[in-house]
Amino acid sequence: RLKEGYWVVIFPEGTRKRPGDKPDYKIGGAMLASKSGFDVLPIAHNAGEFWPKGQYVKKSGTIKMVIGPVIKSSELKTKEINQAAEEWIESTMERIYEKQY
């Protein structure tokens with residue numbers, strides 16, 4: 001699908017998390033990037049603030065989304081890709097959450 005021009009969206013965190021909770025980042029997306037040679041475009045958002053994990057009811061508010069710098073998969077190993085995405089996402093999350101945790 002990637003070679004056909006389709007984008008693949010993978011959430012390495014696995015699921016929504018509460019603000020301030022650090023998830024265990026899964027390696028599948030980084031492995032796909034490494035093996036396919038396609039780059040990674042990390043994205044951070046604060047949707048967990050308005051639709052908390054384990055709750056069906058959503059709170060009103062504005063979701064902020066930040067698109068990060070491209071991570072060149074050809075220049076890194078799988079673990080390095082995953083680490084780069086995690087570090088960028090986590091540091092960005094600290095800036096975009098409305099409520100400080």
Side-chain angles (χ1 to χ4, degrees):
R1 294 288 183 190
L2 289 169
K3 290 180 182 177
E4 294 172 5
Y6 288 92
W7 288 48
V8 176
V9 177
I10 297 175
F11 294 91
E13 306 93 324
T15 187
R16 294 186 314 274
K17 64 182 184 92
R18 290 188 315 230
D21 287 355
K22 187 173 180 310
D24 178 26
Y25 281 70
K26 311 296 186 269
I27 200 137
M31 187 177 295
L32 175 62
S34 179
K35 291 185 181 280
S36 70
F38 282 85
D39 295 332
V40 172
L41 184 62
I43 297 174
H45 64 82
N46 67 337
E49 223 177 312
F50 308 104
W51 188 5
K53 180 177 178 165
Q55 294 184 17
Y56 181 73
V57 177
K58 299 172 188 84
K59 301 174 189 174
S60 64
T62 302
I63 294 174
K64 295 176 184 175
M65 184 169 70
V66 181
I67 299 172
V70 171
I71 299 170
K72 297 285 189 181
S73 66
S74 61
E75 300 172 4
L76 302 169
K77 296 179 181 175
T78 300
K79 287 184 180 181
E80 294 171 323
I81 295 168
N82 205 48
Q83 181 178 355
E86 178 179 348
E87 288 173 0
W88 183 85
I89 291 169
E90 290 299 315
S91 67
T92 303
M93 296 300 289
E94 289 177 10
R95 291 192 333 257
I96 65 173
Y97 267 120
E98 295 283 331
K99 302 169 188 162
Q100 293 300 314
Y101 47 88

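All values derive from a computational prediction rather than experimental measurement.
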_Minimum-distance pair of heavy atoms, taken over all atoms of I89 and P42_ = CG1-CB, 4.3 Å
*Shortest non-hydrogen contact from H45 to F11?*
NE2-CE2, 4.2 Å
_Minimum side-chain heavy-atom gap I71-W88 below 4.5 Å_ = no
*asked:* In the structure I gave you, are the side-chain heavy atoms of S34 and K79 within less than 4.5 Å of one another anywhere?
replied: no
*Verify the cluster assignment for F38 and V9: are they in a single hydrophobic cluster under the rule of side-chain heavy atoms below 4.5 Å apart?*
no
*Heavy-atom neighbours of K26 NZ exceed 12 at 6.0 Å*: yes
*Is L41 linked to M65 within one hydrophobic cluster, defined over Ile, Leu, Val, Met, Phe, Trp and Tyr using a side-chain heavy-atom separation of less than 4.5 Å?*
yes
*Is Y97 reachable from Y25 through a run of I, L, V, M, F, W or Y residues, each pair having side-chain heavy atoms under 4.5 Å apart?*
yes
_Do M93 and I96 make a side-chain contact, defined as non-hydrogen atoms from C-beta onward lying under 4.5 Å apart?_
yes
_Contact summary for Y56 and W51, nearest pair of heavy atoms_ = O-NE1, 3.9 Å
*Can we say E49 and K64 salt-bridge, meaning some charged N sits less than 4.0 Å from an Asp/Glu carboxylate O?*
no
*Does V40 reach the side chain of V70, with side-chain heavy atoms less than 4.5 Å apart?*
no
*asked:* If I take atom OG1 from residue T78 and atom NZ from residue K35, how far apart are they, to the nearest 0.5 angstrom?
replied: 6.5 Å
*How would you list, by chain and number, every residue that makes a side chain to side chain contact (heavy atoms under 4.5 Å, CB included) with E75, sequence neighbours excluded?*
K72
*Considering non-hydrogen atoms only, spot the tightest contact between L2 and S36 and give its length.*
CD1-OG, 3.8 Å
*Got a sec, which residues hit side chain to side chain contact (heavy atoms under 4.5 Å, CB included) with S73, two or more places apart in sequence or on another chain?*
A33, D39, I81
_Using every non-hydrogen atom in the two residues, find where I63 and A47 come nearest and quote the distance to one decimal._
CD1-CB, 3.8 Å
*Taking all non-hydrogen atoms of both residues, which atom of T92 and which atom of A44 are closest, and how far apart?*
CG2-CB, 3.7 Å
_Test applied, side-chain hydrogen bond (donor to acceptor under 3.5 Å, both in side chains); reference residue, K22; option that passes from E90, E13, E86_ = E86
*Does atom NZ of K58 have more than 12 heavy-atom neighbours from other groups under 6.0 Å away?*
yes
